[in-house]
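Here the structure is laid out as structure tokens; the discussion comes afterwards.
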Amino acid sequence: MSPSVIDVLVVGGGPTGLSAATELRRRGAGPVVVLEREGEAGGIARHCAHSPFGMREFGRVLSGARYAARLAERASEAGVEIRLRHSVTALNGTSAEVATPVGPLVLTARRILFATGIREASRAGRLISGQRPLGILTTGALQDYVHLRHMAPFRRPVIVGSELVTMSAILTCRSGGISPQAIVEDERGPRVGYPTAMFPPMLGIPTHYNTSIDDILGTTRVEAVRLRHANGTFKVIECDGVLFTGRFTPESSLARLSGLAIDMATGGPSVDGTGRTSLSGTYAAGNVLRAVRTAGQCWSEGRAAAHAIIRSLEAA
């Protein structure tokens, strides 16, 4: 049962939310409750079977899945209450309306921290029209299939994007016995810096820059993609899937619905130097503010937000 009086309610159980909650408890705040809409805490990292995660947090190299689990374990050990499959549907001041497996409830807290993270741009978000055959995924969906369900949703996909998460997607493909046929990027060069950008060529994956997907071919299943190069020429590549990676945007839909002021440059909530939003008693930290930071950077930002919240509680 939830405590009747909550000091801090944290919305989102990724690295930002878990580190903030842990630090809040260590500095005397309590009760502290984390609401996570998924069935497991840890955020995007829990889908990553590869390393490196955890050097600054735990002084050792961990896989993403182990890193996420350790963050949740540390929070629980500190006395944080983590409530899974709990989705905040609306805020009214510092009261949150929550959808839970056993029905709706309302929680009230002295402070609320938004740590809802980011989302990848889907096919629809990239405005790619056409039929919708099976085999079109984002990185998060691929990692869910490979690492959690132990399934391969395709065998020969074309990957769209060249960000850091693209490299994570390639590692996931390799661990699932999947062979990418090409990487497509509409910029003139890779979005990720060197030497990381050399990873696909080292694996023999052709990369097409200044190129976009003109059409996805196939009726029931992806059969090929037609690429449009910047010079106006076209190329068809046979494949059985399309993997969209990156183009992250803040997961700020709840913030918008709750009436928080939004920074039009980033798409996330507007905050001051302490992470305080336009709604009294409400803070935001991590990737919900702008895309995209690493898990370790989000962990650090969560701790910083906790310190600001503690100061505000002490001053109240």
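The residues of the chain are indexed from 1 along the displayed sequence.
- Sorted by first and then second residue, the salt bridge (charged side-chain N to carboxylate O under 4.0 Å, His left out) pairs involving residues 228-242 (not counting sequence neighbours) are Asp214-Arg228.
- Within 6.0 Å of the CZ atom in Arg174, the count of heavy atoms belonging to other residues, nucleotides or ligands does not exceed 12.
- With sequence neighbours excluded, no residue forms a side-chain contact (heavy atoms from CB on, under 4.5 Å) with Pro104.
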(request) Using the salt bridge (charged side-chain N to carboxylate O under 4.0 Å, His left out) rule, take Arg290 and Glu251 through it: C-alpha gap first, then chi angles, then the decisive distance, then the call. (result) CA-CA 9 Å; Arg290 36 72 197 112; Glu251 182 54 271; over 6 Å; no
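- Residues passing the side-chain contact (heavy atoms from CB on, under 4.5 Å) test with Ala78 are Thr22, Arg25, sequence neighbours excluded.
- The minimum heavy-atom distance linking Thr245 with Ser162 is given by the pair OG1-N, 4.5 Å.
- Heavy-atom neighbours of Arg126 CZ from other residues, nucleotides or ligands within 6.0 Å: above the threshold of 12.
- Within a 6.0 Å sphere centred on CG of Asn92, heavy atoms belonging to other residues, nucleotides or ligands number 12 at most.
- Leu113 is listed as a side-chain neighbour of Ile309, based on a closest heavy-atom distance under 4.5 Å.
- If you chain together ILVMFWY residues whose side-chain heavy atoms come under 4.5 Å of each other, Val288 ends up grouped with Val271, Leu289.
- The number of heavy-atom neighbours closer than 6.0 Å to CE of Met264, taken from other residues, nucleotides and ligands shown, is above 12.
- Residues Arg56 and Trp299 meet the side-chain proximity criterion, which asks for heavy atoms closer than 4.5 Å.
- Shown here are the side chain to side chain donor-acceptor pair (under 3.5 Å) partners of Arg74, two or more places apart in sequence or in another chain: there are none.
- When every heavy atom of Pro133 is checked against every heavy atom of Ile216, the shortest pair comes out as CG-CG2, 4.2 Å.
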(message) What verdict does the side chain to side chain contact (heavy atoms under 4.5 Å, CB included) test give for Arg123 and Arg132, after you've listed the backbone C-alpha separation in whole Å, the side-chain angles of each residue and the deciding distance to 0.1 Å?
(response) CA-CA 10 Å; Arg123 173 184 178 171; Arg132 301 187 180 278; 3.8 Å; yes
(request) Go through the steps for His208 and Leu227 under the test side chain to side chain contact (heavy atoms under 4.5 Å, CB included), then give the verdict. (result) CA-CA 9 Å; His208 303 272; Leu227 306 183; 4.2 Å; yes
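- Ion pairing between Arg111 and Asp7 fails under the 4.0 Å rule for side-chain N and carboxylate O.
- Within the hydrophobic cluster formed by Ile, Leu, Val, Met, Phe, Trp and Tyr side chains joined at under 4.5 Å, directly or through other members, Leu171 is accompanied by Leu137, Leu142, Tyr145, Val146, Met151, Phe154, Ile159, Leu164, Met167, Ile170, Ile178, Ile183, Val192, Phe199, Leu203, Ile205, Leu243.
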